[in-house]
Structures are given as C-alpha cells and as structure tokens.
Enquirer: 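Below is a structure I'd like to ask you about.
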Amino acid sequence: MAVNFLVIYRISIAIPVIALGGFGLWLSLESVRETVRVSHIQDGDIDVLTHASTLAKQTRVDYPIEWISTATQLSASRSDQDALAIKLLEAALKEDPAHPRAWTLLSFLRTREAGEFTAAAETALQKSYELCGFCERDLLRWRLTYTLQHWADADETTRMAAFRGADFLRWWYLEYDFLNQVRANAIERGIPFDQYRRDVNSPVRPNEVN
C-alpha cells in the first residue's frame with residue numbers, strides 16, 4: 001500500500017500545534033485562577049496565614065504576584081508573622097525581581113523584624129529606588145518618609161535617591177503641602193533638608209520662580 005507522506009507530514013505538524021494550543025489554553029486558565037486568588041487574598045476572603053504557610057512549603061514560585069500579595073496582606077494583619085512574609089517576598093523577588101513596591105515592603109519588614117534599619121533593609125530599599133526612581137505618588141511619599149525616619153543609618157546613595165523622588169513629587173505631582181510638612185519635621189530633627197534638595201538638579205516650574 002502506498003504511503004501518503006504528505007498526509008503523514010500534515011499529521012506530524014498538526015499534533016504539536018494542537019498540543020501547543022492546549023498548553024496555551026491551560027496557561028490562560030491558570031492565569032485566570034491566579035487573578036481570582038489574588039483578588040480573594042486582597043479582599044480578605046482567604047485566610048492569609050493559612051495560605052502563606054501553604055505557599056512557604058512549596059519548592060517553587062509559579063506566580064510571584066500571588067506570593068507578593070499574600071505577604072502584603074499578611075504583613076498588614078499579622079505583625080508577628082514578619083519572618084513568614086519576608087520568606088514569601090524573598091522567594092517571589094528571586095523569581096521575578098521587577099517589583100519596586102515589594103522591595104520597599106521587604107525593606108520595611110526587615111526593619112520591623114530587626115527593630116532597626118539594617119544593611120539588608122537598605123539593600124532592599126535601594127533596589128526599589130533602582131527599579132523605579134520616579135514612581136506613583138504614594139510610593140514616593142512613603143519611601144521619602146521612611147528614609148527620613150532612618151536618616152542616621154541610611155547611606156548617601158539612599159538619601160539622594162529619596163530626595164530625587166521628593167523633587168519629582170514637587171515638580172510633577174505638585175506636592176507642596178506634603179513636602180513642606182516633611183521639611184519642617186526633618187529640620188526639627190536636624191536633617192539638612194534644604195541642602196539635599198538643592199543638590200538635586202531638576203526642572204523648576206514658573207510659579208516657583210521669585
């Protein structure tokens with residue numbers, strides 16, 4: 001019987017294409033499931049400590065956002081579980097490091113756990129600055145306040161990064177009231193706020209020219 005090589009060839013091509021299509025559908029379904037789980041975690045519909053403990057037992061991180069969301073909720077609700085939250089963040093960021101908010105949270109948790117601004121906490125904060133020096137308003141505000149709180153222990157790289165962010169708050173977000181309040185508090189504590197602000201070279205708005 002003659003062998004129809006064209007048919008065989010078409011079948012050999014079709015099988016992996018079908019398999020890839022099925023794999024793609026599976027990935028899409030898993031992505032949807034992850035989104036739903038993250039939503040439930042953020043809404044408080046999942047017992048976050050139980051879920052965090054389950055994730056921590058896993059040998060690999062398939063969905064870093066889920067781990068980061070779990071750590072975020074855990075850190076907000078259970079300050080006695082900082083070690084577990086840190087473990088989740090470190091694992092997630094090792095898999096996918098491009099999350100400036102997660103690095104900031106990691107810095108905060110390392111500080112809270114140790115009771116002081118450690119070198120490890122500063123490394124995490126600097127990573128957040130490196131990834132996104134000019135971020136959303138709330139993150140810029142939080143990082144500036146956090147850096148000023150630990151001013152004595154922060155090195156110059158961290159200090160300048162914080163003030164570059166502060167200047168972006170000034171000329172982009174027009175956060176004059178917030179910056180004036182932060183400035184007053186910093187000066188009261190002996191922090192040379194104006195000196196650092198002058199060292200940052202950034203645009204000046206017309207309304208700021210005397």
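Keep in mind it's a predicted model, so treat the numbers as computed, not measured.
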Enquirer: Could you tell me which residues satisfy salt bridge (charged side-chain N to carboxylate O under 4.0 Å, His left out) with R189, sequence neighbours excluded, listed by chain and number?
Expert: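 Residues passing salt bridge (charged side-chain N to carboxylate O under 4.0 Å, His left out) with R189: none at all.
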
Enquirer: Grouping I, L, V, M, F, W and Y whenever their side-chain heavy atoms are under 4.5 Å apart, do V61 and L93 come out in a common cluster?
Expert: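 No; tracing contacts between hydrophobic side chains, which count when under 4.5 Å, never links both residues.
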
Enquirer: Counting heavy atoms not belonging to E188, are there more than 12 under 6.0 Å from its CD?
Expert: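 No.
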
Enquirer: Which residues satisfy the side chain to side chain donor-acceptor pair (under 3.5 Å) test with T59, sequence neighbours excluded?
Expert: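 Partners of T59 by the side chain to side chain donor-acceptor pair (under 3.5 Å) criterion come out as none, since no residue qualifies.
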
Enquirer: Sequence neighbours left out, what pairs pass disulfide bond (SG atoms under 2.5 Å apart) with at least one residue falling in residues 110-161?
Expert: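 Residue pairs passing disulfide bond (SG atoms under 2.5 Å apart), neighbours aside: C132-C135.
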
Enquirer: Considering all heavy atoms of both residues, which atom of P100 and which atom of S128 are nearest to each other, and what is their separation?
Expert: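 Reported closest heavy-atom pair: O-OG, 2.9 Å.
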
Enquirer: Working to the nearest 0.5 Å, report the span between NZ of K87 and CG of L109.
Expert: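 Answer for the NZ-CG pair, K87 versus L109, is 15.5 Å.
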
Enquirer: Are L169 and V200 joined in one hydrophobic group, where the rule is that I, L, V, M, F, W and Y side chains link up if heavy atoms are under 4.5 Å apart?
Expert: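 Yes, L169 connects to V200 through the hydrophobic network.
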
Enquirer: How many angstroms lie between OH in Y129 and CG in L139, if you round to the nearest 0.5 Å?
Expert: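 Nearest 0.5 Å value for the OH-CG distance: 8.5 Å.
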
Enquirer: My understanding is that only residues two or more places apart in sequence, or in another chain, count here; which of them pass salt bridge (charged side-chain N to carboxylate O under 4.0 Å, His left out) with D177?
Expert: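 Per chain and number, D177 pairs via salt bridge (charged side-chain N to carboxylate O under 4.0 Å, His left out) with no residue.
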
Enquirer: Testing the basics here: between L140 and G165, what is the closest heavy-atom pair and its distance to 0.1 Å?
Expert: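 Scanning both residues completely, I find the closest heavy atoms to be CD2-CA, 3.9 Å.
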
Enquirer: Where the side chain of Y146 meets the backbone of S107, is there a donor-acceptor pair that is under 3.5 Å apart?
Expert: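 Checking the backbone N and O of S107 against the side chain of Y146, a donor-acceptor pair under 3.5 Å is found.
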
Enquirer: When you compare the side chain of F193 with that of V182, does any pair of heavy atoms fall below 4.5 Å?
Expert: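 Side chain of V182 against side chain of F193, heavy atoms only: contact under 4.5 Å found.
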
Enquirer: List the residues meeting ring pair (Phe, Tyr, Trp, His ring centres under 6.0 Å) with Y196, not counting sequence neighbours, and say none if there are none.
Expert: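 Counting only residues at least two positions away or on another chain, Y196 forms a ring pair (Phe, Tyr, Trp, His ring centres under 6.0 Å) with W151, F163.
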
Enquirer: Decide yes or no on side chain to side chain contact (heavy atoms under 4.5 Å, CB included) for I68 and L89, but give the supporting numbers first.
Expert: CA-CA 6 Å; I68 291 170; L89 286 172; 4.2 Å; yes

Enquirer: Where do P64 and E95 come nearest, in terms of heavy atoms and distance?
Expert: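 Smallest interatomic distance, heavy atoms only, reads CG-CG, 3.9 Å.
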
Enquirer: Does F117 share a hydrophobic cluster with L106, counting links as ILVMFWY side-chain heavy atoms below 4.5 Å and allowing steps through other members?
Expert: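 Yes; L106 is reachable from F117 via cluster members.
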
Enquirer: Apply side chain to side chain contact (heavy atoms under 4.5 Å, CB included) to the pair L144 and L179, showing each step before the final yes or no.
Expert: CA-CA 10 Å; L144 173 62; L179 290 171; 3.9 Å; yes

Enquirer: Output every pair passing salt bridge (Lys or Arg N to Asp or Glu O under 4.0 Å) with a member in residues 132-146, not counting sequence neighbours, ordered by first then second residue.
Expert: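 For residues 132-146: R101-E136, R101-D138, R137-E175, R141-E175.
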
Enquirer: Do the side chains of I46 and Q73 get nearer than 4.5 Å, heavy atoms only?
Expert: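 With C-beta onward as the side chain, the pair stays apart.
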
Enquirer: How many angstroms lie between atom CE of M160 and atom OG1 of T147, to the nearest 0.5 angstrom?
Expert: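 These two atoms lie 12.5 Å from each other.
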
Enquirer: So, using salt bridge (charged side-chain N to carboxylate O under 4.0 Å, His left out) as the criterion, who are the partners of E156 when residues are at least two apart?
Expert: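 E156 satisfies salt bridge (charged side-chain N to carboxylate O under 4.0 Å, His left out) with R159 once adjacent residues are dropped.
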
Enquirer: Is the ring pair W171/F168 parallel, tilted or perpendicular, if the boundaries are 30 and 60 degrees?
Expert: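 It falls in the perpendicular class, over 60°.
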
Enquirer: If I take atom CZ from residue R78 and atom CG from residue L49, how far apart are they, to the nearest 0.5 angstrom?
Expert: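 Taking CZ in R78 and CG in L49, the distance rounds to 5.0 Å.
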
Enquirer: Would you compute the distance between atom CD of Q58 and atom OG1 of T54 and round it to the nearest 0.5 angstrom?
Expert: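 One finds 7.5 Å between CD of Q58 and OG1 of T54.
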
Enquirer: Tell me the salt bridge (Lys or Arg N to Asp or Glu O under 4.0 Å) pairs involving residues 116-128, sequence neighbours left out?
Expert: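 Non-adjacent pairs meeting salt bridge (Lys or Arg N to Asp or Glu O under 4.0 Å): zero.
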
Enquirer: In Å and rounded to the nearest 0.5 Å, what is the CD to CG distance from E66 to L55?
Expert: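 Between E66 CD and L55 CG, I get 5.0 Å after rounding to 0.5 Å.
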
Enquirer: Side chains of T158 and D155, heavy atoms from C-beta outward: is any pair under 4.5 Å?
Expert: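 Answer yes - side chains close enough.
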
Enquirer: State which residues pass salt bridge (charged side-chain N to carboxylate O under 4.0 Å, His left out) with D194; sequence neighbours excluded, sorted by chain then number.
Expert: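 Residues passing salt bridge (charged side-chain N to carboxylate O under 4.0 Å, His left out) with D194: R183, R197.
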
Enquirer: Please list, chain by chain and in numerical order, all residues satisfying side chain to side chain donor-acceptor pair (under 3.5 Å) with R60, sequence neighbours excluded.
Expert: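 Only D62 meet the side chain to side chain donor-acceptor pair (under 3.5 Å) criterion with R60.
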
Enquirer: Side chains of L84 and L74: closer than 4.5 Å at any heavy-atom pair?
Expert: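 Yes. Closest side-chain heavy atoms under 4.5 Å.
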
Enquirer: Can you list the residues that meet the side chain to side chain donor-acceptor pair (under 3.5 Å) rule with E90, with sequence neighbours excluded?
Expert: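 Checked E90 against side chain to side chain donor-acceptor pair (under 3.5 Å); matches are R110.
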
Enquirer: Strictly by ring pair (Phe, Tyr, Trp, His ring centres under 6.0 Å), give each pair with a member in residues 72-114 just once, sequence neighbours left out.
Expert: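 Counting only pairs at least two positions apart or across chains, the ring pair (Phe, Tyr, Trp, His ring centres under 6.0 Å) contacts touching residues 72-114 are F108-W142.
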
Enquirer: Assigning hydrophobic clusters by single linkage (Ile, Leu, Val, Met, Phe, Trp, Tyr; side-chain heavy-atom cutoff under 4.5 Å), is L131 placed with W172?
Expert: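 They do not share one cluster, since no chain of ILVMFWY contacts under 4.5 Å joins L131 to W172.
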
